[in-house]
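Scope of the values below: all heavy atoms of this structure, side chains included, with no hydrogens, waters or symmetry mates. We count ligands from 1, going down the list as the structure has it; atoms in each ligand are counted the same way. Counting from 1, the numbers follow the sequence of the chain as shown.
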Amino acid sequence: MGNLFVVSGPSGSGKSTLCALAADMDKKIKISVSATTRAPRGEEKNGVEYFFLSNEQFDEKLAEGDFYEYANVFGNRYGTLKSHVDSLTARGFDVILEIDYQGAYQVRDKNKEAYLIFVMPPSYEELKKRLTDRHTESEEQLNIRLAKASSEMEERVNYDKVIINDSLPDALGELLSIIESKRN
Ligand code: 5GP
């Protein structure tokens, strides 16, 4: 059985890049694909970044009991599909759930072995720059994400480990060594 890792951090902390690189470097790591009701952004494809569901489809999965956890983030629903994650860990993969803190605590309640990692941007200024440079949000969305980032970052004290994403190679090295250290 593979292990379960949760990676959280504000939008723009660089957690997606970090997780994607970790999975590239180590073929025993898989990133869970979440379901969401938000619309695809840019080049995002169904089944790759997310399973994009309508509100009705999300409700159906809820009724079927197929969510490990779910949460409302920025007015959209996001959730981890149990069937998806369980099949990966059963095949021996270490699975990363890239989810927000509300989901992280639900996962910890269900699975005490889950290891929670919080990714911090090096500074508020850098966070703002990364979000602005991404050009994927409207100005209103950007301001909402920035405002939420500060309160979100206070949640880091409840995590098992905080990684500061200042130097990408260093942060990646830290993430990979945590995952390796949990293997038997
Ligand atoms: P984004 O819209 O930028 O892709 O994601 C917004 C937020 O939703 C991020 O903080 C991300 O961690 C969170 N998120 C993505 N997937 C899930 C999920 O399956 N469950 C929960 N609880 N949060 C998620």
Side-chain angles (χ1 to χ4, degrees), residues 4-20 22-23 30-55 57-62 64-89 95-111 114-121 127-156 158-159 161-163 165 171 175:
L4 209 52
F5 297 87
V6 171
V7 174
S8 305
S11 315
S13 60
K15 63 180 185 297
S16 306
T17 307
L18 207 52
C19 293
K30 291 275 188 197
I31 300 167
S32 162
V33 179
S34 296
T36 183
T37 58
R38 91 149 157 75
R41 201 157 57 197
E43 298 286 293
E44 288 180 338
K45 293 208 169 43
N46 188 42
V48 181
E49 288 83 5
Y50 285 103
F51 295 110
F52 294 99
L53 305 183
S54 66
N55 266 308
Q57 289 170 322
F58 201 97
D59 285 338
E60 272 171 36
K61 295 267 180 213
L62 261 181
E64 289 164 9
D66 195 19
F67 282 113
Y68 209 148
E69 60 74 35
Y70 74 99
N72 234 295
V73 187
F74 310 119
N76 288 303
R77 287 184 292 173
Y78 294 81
T80 305
L81 297 167
K82 215 183 265 173
S83 46
H84 175 66
V85 172
D86 290 352
S87 82
L88 291 173
T89 50
V95 178
I96 298 179
L97 309 183
E98 229 191 286
I99 63 180
D100 88 316
Y101 65 90
Q102 307 170 74
Y105 303 154
Q106 293 174 51
V107 170
R108 182 157 57 192
D109 284 346
K110 286 189 186 139
N111 183 346
Y115 192 85
L116 274 53
I117 299 164
F118 197 94
V119 179
M120 287 283 288
L127 177 74
K128 190 170 179 182
K129 183 176 178 306
R130 287 180 189 174
L131 281 178
T132 312
D133 289 352
R134 199 158 77 176
H135 295 299
T136 48
E137 272 87 27
S138 65
E139 188 157 347
E140 193 195 346
Q141 276 290 323
L142 181 72
N143 287 332
I144 293 172
R145 279 170 190 258
L146 272 174
K148 185 142 185 272
S150 310
S151 63
E152 245 174 40
M153 287 191 276
E154 290 171 13
E155 300 294 330
R156 69 185 182 278
N158 300 316
Y159 280 66
K161 177 83 186 169
V162 176
I163 294 178
N165 191 10
L175 178 60

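Here the protein heavy atom with the shortest distance to atom 16 (N) of ligand 1 is Ser34 OG, 3.2 Å. Atom 5 (O) of ligand 1 has as its closest protein heavy atom Tyr50 OH, 3.4 Å. Protein heavy atom nearest atom 23 (N) of ligand 1, with residue, atom name and distance: Asp100 N, 3.2 Å. Annotation: atom 17 (C) of ligand 1 to nearest protein heavy atom, Tyr78 CB, 3.4 Å. Protein heavy atom nearest atom 7 (C) of ligand 1, with residue, atom name and distance: Val73 CG1, 3.7 Å.
At a 4.0 Å cut-off, not a single heavy atom of Glu49 sits close enough to ligand 1 to count as contact. Not close to ligand 1: Ser8, with no non-hydrogen atom less than 4.0 angstrom away. At least one heavy atom of Arg38 sits less than 4.0 Å from an atom of ligand 1. Ligand 1 lies nowhere less than 4.0 angstrom from a heavy atom belonging to Gln106. Heavy-atom distances between Arg145 and ligand 1 reach below 4.0 Å in at least one pair.
Between the side chains of Thr36 and Asn76, no donor N or O sits under 3.5 Å from an acceptor N or O. With 3.5 Å as the limit, one finds no donor-acceptor pair spanning the side chains of Tyr101 and Asn158.
Residues that satisfy the side chain to side chain donor-acceptor pair (under 3.5 Å) test with Ser8, not counting sequence neighbours, are Tyr159.
Closest of all the heavy-atom pairs between Val6 and Ile99 is CG1-CG1, 3.8 Å. The two residues Phe67 and Lys82 have their closest heavy-atom pair at O-CE, 3.9 Å.
The aromatic rings of His84 and Phe51 sit perpendicular to each other, their planes meeting at more than 60°, with 30° as the lower class boundary.
Proximity of Arg38 to Tyr50: side-chain heavy atoms (C-beta onward) are separated by under 4.5 Å at one or more points. Counting heavy atoms from C-beta outward, Ile117 and Leu175 have side chains that approach closer than 4.5 Å. Side-chain contact between Lys148 and Val73 is present, with heavy atoms from C-beta onward closer than 4.5 Å.
For ligand 1, the atoms lying closer than 4.0 Å to a non-hydrogen atom of Ala71 are 22 (N). Heavy-atom contacts of Gly103 reach the following atoms of ligand 1: 22 (N) (cutoff under 4.0 Å). Short contacts between ligand 1 and Thr80, defined as distances under 4.0 Å to a heavy atom of the residue, involve ligand atoms 19 (O). Proximity to Arg41 (heavy-atom distance under 4.0 Å) selects the following atoms of ligand 1: 1 (P), 2 (O), 3 (O), 4 (O).
Taking the ring centre of Phe74 as origin, the terminal cationic atom of Arg145 falls inside the region bounded by 6.0 Å and 45° from the ring axis.
Closest heavy-atom approach to atom 10 (O) of ligand 1 within the set Glu69, Lys15, Glu98: this belongs to Lys15.
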